[in-house]
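A short worksheet on the structure shown next.
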Amino acid sequence: MTEALLVGTDLHKMYGTTPALRGSSLTVRAGEIVAVMGSSGSGKSTLLHCLAGIVRPDDGTVVYAGRLISSMTDVERSALRRRDFGFVFQFGQLVPELTCVENVALPLRLDGVRRKEAERRSREWLDRLEVGDVAGKLPGQISGGQGQRVAVARALVTEPKVVFADEPTGALDSLNGEKVMQLLGQAARDTGAAVVLVTHEPRVAAYADREVVVRDGASLDLERVA
Amino acid sequence: MSIGHSFLGLLEGKPRHGYDLKRAYDERFSPGRPLHHGQVYATLSRLLKNGLVVVDGLEPGEGPERKRYAVTDAGITDVQAWLSQPEKPEPYLQSVLYTKVVLALMTGRPADEILDVQRTEHLRLMREVTRRKTGGDLAEQLICDHALFHLEADLRWLELTAARLNELAARVRP
Ligand SMILES: Nc1ncnc2c1ncn2[C@@H]1O[C@H](COP(=O)(O)OP(=O)(O)OP(=O)(O)O)[C@@H](O)[C@H]1O
Ligand SMILES: [Mg+2]
């Protein structure tokens, strides 16, 4: 739990004249769940995107497992995102033309795993998230809560080292949202994945090990201050 | 929490010994925070004195724990009245925090730090309660949820106040 896996330091990002990040830093240790909170527009998503190598910061560094993400080639960076990172967003972002099990299998297929093996592993994950029964359905035929569980299965099927979750429960009612969070937290702990969890819901953040607050583009580790 | 009324309600099912009452209460209403023997003793003697329970059996040995208690008609009326009475919605700790925040603003101290410290403490407790809830049965989950919803309400108030601190400062500063 003490090993620093992902370290963002003094990150800055402007969108035109809008500062989204102004010196934000965050360290994620292997296997820990970090809740990132803060008001709307404070820079949470931008921070998450920088850490995940989706957005390139104007200034500052992101180091993953000892390697500077900004110095990687595009090919290296996308391989990293595919193998070591998993993603869950507010709206599952499942591919509407594919069945749920095909959606979950997608990251494995992209990584060259054979269809049968990929779907076998995907079904296991759907079962774990208690949505084994929707495996053959299309995303349009299932509920929002089921969709988020499928999205969590897809994020975890490659057994990533870090899961980036941006408001994974934001579109769900509180009971379903908490259930999704509980399953995500449990799955992450079982596989040893770290989770960067952006949320504005305190009861969801309470599943994390610690909390970081983003204010005006700067992240504060309140627990360290206190 | 009215221990006396809870005891009366537990006795309505069947007469119980003092130790059995304590065990039933701890299990159902206060998991993880058992009653002290002194509380059990004080509560039972008050109920006896007020005629809400009677002793209807003794086990060999000393003390109120060994006595068997039964609820009286007056006791049942008392529980009934308690159950039908709404609880006063509690203002919880906002008033204390509000006082602290206003005092900090008035004296030029950093009020946002007070809010941050409280926020951290609240979320720490929420994590603890969430862990308890995750491992618990339905009863435990419901008790934990009650605490979590209240803590969440406090946190929302802390966030709202943090967002309006400048506005508040303008009003309270001389
Ligand atoms: N692609 C973009 N183009 C222009 N401005 C952007 C872009 N993404 C973010 N911003 C701006 O950067 C700031 C931080 O945005 P960000 O999305 O990181 O906030 P957030 O904390 O995730 O907010 P929310 O809680 O509403 O999701 C905001 O002012 C936002 O308008
Ligand atoms: Mg966002």
Side-chain angles (χ1 to χ4, degrees), chain A residues 1 31-44 128-130 169-170 172-190 195 197-226, chain B residues 32 92-94 96-97 100-101 104 109-169:
Chain A
M1 282 290 281
E32 74 169 345
I33 304 181
V34 185
V36 179
M37 302 189 77
S39 52
S40 190
S42 58
K44 304 181 294 294
R128 253 170 115 154
L129 289 154
E130 300 168 12
T169 64
L172 305 178
D173 65 60
S174 68
L175 203 60
N176 269 297
E178 254 194 81
K179 183 72 188 166
V180 166
M181 186 54 223
Q182 195 203 318
L183 289 165
L184 168 60
Q186 192 56 52
R189 295 204 196 281
D190 290 349
V195 181
L197 167 71
V198 171
T199 183
H200 62 265
E201 296 169 90
R203 278 180 319 115
V204 169
Y207 283 88
D209 298 308
R210 64 188 178 95
E211 170 205 28
V212 166
V213 177
V214 179
R215 248 172 233 160
D216 299 330
S219 43
L220 306 170
D221 191 338
L222 295 182
E223 268 139 290
R224 211 152 293 164
V225 175
Chain B
Y92 292 97
L93 81 177
Q94 275 86 333
V96 181
L97 276 178
K100 283 189 176 181
V101 167
R109 292 189 170 87
D112 51 346
E113 280 177 21
I114 292 177
L115 295 170
D116 281 349
V117 166
Q118 192 63 47
R119 180 195 165 82
T120 305
E121 185 57 21
H122 263 64
L123 210 73
R124 191 194 56 69
L125 182 57
M126 285 185 78
R127 283 197 293 269
E128 196 181 303
V129 177
T130 299
R131 273 195 295 276
R132 214 177 101 189
K133 172 179 152 182
T134 309
D137 60 9
L138 182 60
E140 179 100 8
Q141 286 175 20
L142 288 172
I143 291 170
C144 289
D145 268 330
H146 187 259
L148 287 169
F149 280 119
H150 279 95
L151 290 164
E152 182 180 39
D154 285 346
L155 260 183
R156 289 195 187 286
W157 182 86
L158 290 169
E159 276 168 9
L160 185 84
T161 307
R164 303 180 80 175
L165 217 43
N166 290 337
E167 217 180 305
L168 184 62

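Protein chains get the first letters and strands the later ones, always in sequence-line order, with residue 1 at the start of each.
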Heavy atoms of B:Arg127 and A:Asp209 approach each other most closely as NE-O, 3.4 Å
Check each atom of A:Ala208 against the heavy atoms of chain B and say whether the ones under 4.5 Å are side chain, backbone, both or neither. backbone
Nearest heavy-atom neighbours spanning B:Glu152 and A:Pro202: OE2-CD, 3.6 Å
Can you tell me how far apart CG (B:Leu151) and CZ (A:Arg203) are? Round to the nearest 0.5 Å. 10.5 Å
Tell me, side chain or backbone of B:Arg131 under 4.5 Å from chain A's heavy atoms, or both, or neither? neither
Only pairs of heavy atoms separated by less than 4.5 Å count here; which of A:Ala206, A:Ala205, A:Ser174 has the most with chain B? A:Ala206
CG of A:Leu175: more than 12 outside heavy atoms within 6.0 angstrom? no
Taking the side chain as C-beta and beyond, is there a heavy-atom pair between B:Arg119 and A:Glu211 under 4.5 Å? yes
At a 4.5 Å cut-off on heavy atoms, which part of B:Leu155 comes close to chain A: side chain, backbone, both, or neither? side chain
Evaluate whether atom CG of B:Asn166 has more than 12 neighbouring non-hydrogen atoms of other residues, nucleotides or ligands under 6.0 angstrom away. no
Salt bridge flag under 4.0 Å for residues A:Arg215 and B:Asp116: yes
